[in-house]
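As the structure is a prediction and not an experimental result, all values here were calculated from the model. Below, all heavy atoms of this structure are taken into account, side chains as well, without hydrogens, waters or symmetry copies.
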Amino acid sequence: TVGGAGTDYARLPAAVAAVPPRSVLLVQPGVHEGLSTRTPLRILFDFDETSGSVQPAPGAGHTITITGLPAGEPFVLSGRDAAVLGGSLGGIRIANCAAPVILQGLDVDAASSLSGLDITNAAAVHVHRSELVGSFGLLAQDALLSVGDSLVLGTGGAGGVLTRVRCHSARNYWIGSAQSGLRMYRCTAQLANDGLGLIAVLGTIDPVEALEV
């Protein structure tokens, strides 16, 4: 347990650094500092955006960084619409990971930072029931990606920009600001929708492709 009275660790970064691989960390409501790790863990944020948040460490480019995971056990980051604020570059970064990374129940608000979620060279990233907001909501390259029941919003550009990505998208809202809601380069993609999703452009009267491939 992390944060609050009577817990095992007062601070989230200290807990992440101390526990062995495959540990489960239950993070109590409150304001928590972000983390950087190469260890497969299951981190459960037991709060929503009104009762807690994860904020960047001083000078951090991203609030949460997950890098170099070896093949094997997945890394899980889960919340109940838990708020993750952005650092100078963005909210969450996933890079050079051979193991799956699962993100669910997160409200990532990177405001005018570059991206809500940045993915580079990842074997498998699964995003479910989350909000990704930044200048670009989602940037991904050289990855396998699945996104479901989520909002991906670009406040200053495209909602999602995917490069050399195999992607499955189901029931999502991809929304860009004066740019495409979803832009894909050299991708293989399956887009599924049962009426509970949207690919759209806001903030312009000029014609802009909602989906650019």
Side-chain angles (χ1 to χ4, degrees), residues 31-36 45 49 53-67 77 79 81-97 101 103-122 125-143 145-165 167 169 172-187 189 191 197-213:
V31 178
H32 301 275
E33 189 176 295
L35 63 101
S36 179
F45 295 133
E49 59 184 357
S53 65
V54 185
Q55 302 187 2
H62 293 85
T63 302
I64 297 175
T65 301
I66 305 161
T67 59
L77 197 60
D81 295 327
V84 179
L85 306 183
S88 59
L89 296 178
I92 300 176
R93 180 173 185 261
I94 301 169
N96 304 318
C97 290
V101 178
L103 309 176
Q104 59 186 11
L106 304 178
D107 185 355
V108 184
D109 188 354
S112 60
S113 298
L114 181 61
S115 62
L117 173 61
D118 188 337
I119 304 169
T120 303
N121 188 26
V125 177
H126 306 277
V127 180
H128 179 61
R129 199 178 49 78
S130 293
E131 296 185 6
L132 307 175
V133 179
S135 186
F136 297 90
L138 168 63
L139 297 176
Q141 62 180 9
D142 300 309
L145 172 67
S146 68
V147 185
D149 298 296
S150 294
L151 167 67
V152 184
L153 172 63
T155 59
V161 180
L162 313 182
T163 304
R164 298 182 302 276
V165 170
C167 176
S169 170
N172 297 303
Y173 290 82
W174 299 89
I175 302 176
S177 296
Q179 296 186 28
S180 300
L182 178 58
R183 182 183 298 155
M184 297 187 288
Y185 302 97
R186 300 178 64 185
C187 294
L191 307 180
L198 182 70
I199 302 176
V201 179
L202 303 178
T204 179
I205 60 173
D206 298 320
V208 175
E209 297 87 350
L211 174 62
E212 182 180 346
V213 181

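With a 4.5 Å cut-off on side-chain heavy atoms, Ile94 and Thr120 do not count as touching. Between Gln55 and Val31 the shortest side-chain heavy-atom distance falls below 4.5 Å.
Listed by first then second residue, pairs satisfying salt bridge (charged side-chain N to carboxylate O under 4.0 Å, His left out) with a partner in residues 148-163 read Asp149-Arg171, not counting sequence neighbours. Applying the salt bridge (charged side-chain N to carboxylate O under 4.0 Å, His left out) test to every pair with at least one member in residues 126-142, sequence neighbours left out, gives these pairs: Asp81-Arg129, Asp142-Arg164. Every pair tested for side chain to side chain donor-acceptor pair (under 3.5 Å) that includes a residue from residues 56-67 fails, sequence neighbours excluded, so the list is empty.
Ser146 is linked by a side-chain contact (heavy atoms from CB on, under 4.5 Å) to His126, His168, counting only residues two or more places apart in sequence or in another chain. Scanning for side chain to side chain donor-acceptor pair (under 3.5 Å) contacts around Glu33 gives Arg11, with sequence neighbours left out. Taking the side-chain contact (heavy atoms from CB on, under 4.5 Å) definition, one finds that Val133 meets it with Asp109, Leu153, Thr155, sequence neighbours left out. Legend: residues meeting side chain to side chain donor-acceptor pair (under 3.5 Å) with Gln104, ordered by chain and number and at least two apart, are Ser78. Checked against salt bridge (charged side-chain N to carboxylate O under 4.0 Å, His left out), Arg93 has no partners two or more places apart in sequence or in another chain. With sequence neighbours left out, Asn172 forms a side chain to side chain donor-acceptor pair (under 3.5 Å) with Ser169. Scored by the side-chain contact (heavy atoms from CB on, under 4.5 Å) test, Ser88 finds no partners at all (sequence neighbours excluded). Ala200 pairs by the side-chain contact (heavy atoms from CB on, under 4.5 Å) definition with Leu198, not counting sequence neighbours. Listed by chain and residue number, Arg183 satisfy the salt bridge (charged side-chain N to carboxylate O under 4.0 Å, His left out) test with Glu212 (two or more places apart in sequence, or in another chain).
Under a 3.5 Å cut-off, the side chain of Ser150 and the backbone N or O of Ser130 do form a donor-acceptor pair. Thr204 places a side-chain N or O within donor-acceptor distance of the main-chain N or O of Asp206, the cut-off being under 3.5 Å.
Closest non-hydrogen pair, Val165 versus Ala140, comes out as CG2-O, 3.6 Å. Ser113 approaches Gly86 most closely through the heavy-atom pair OG-C, 4.4 Å. For the pair Ala110 and Gly91, the tightest heavy-atom approach, listed with the atom from each and the gap, is CB-N, 3.9 Å.
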For side chain to side chain contact (heavy atoms under 4.5 Å, CB included), just list the numbers for Ile175 and Val152, CA-CA rounded to whole Å, side-chain angles, deciding distance to a tenth of an Å, and then say yes or no.
CA-CA 6 Å; Ile175 302 176; Val152 184; over 6 Å; no
Using the rule given for side chain to side chain contact (heavy atoms under 4.5 Å, CB included), can you reason through Phe45 versus Leu106, listing the C-alpha separation, both sets of side-chain angles and the distance that settles it, and then say yes or no?
CA-CA 9 Å; Phe45 295 133; Leu106 304 178; 4.0 Å; yes
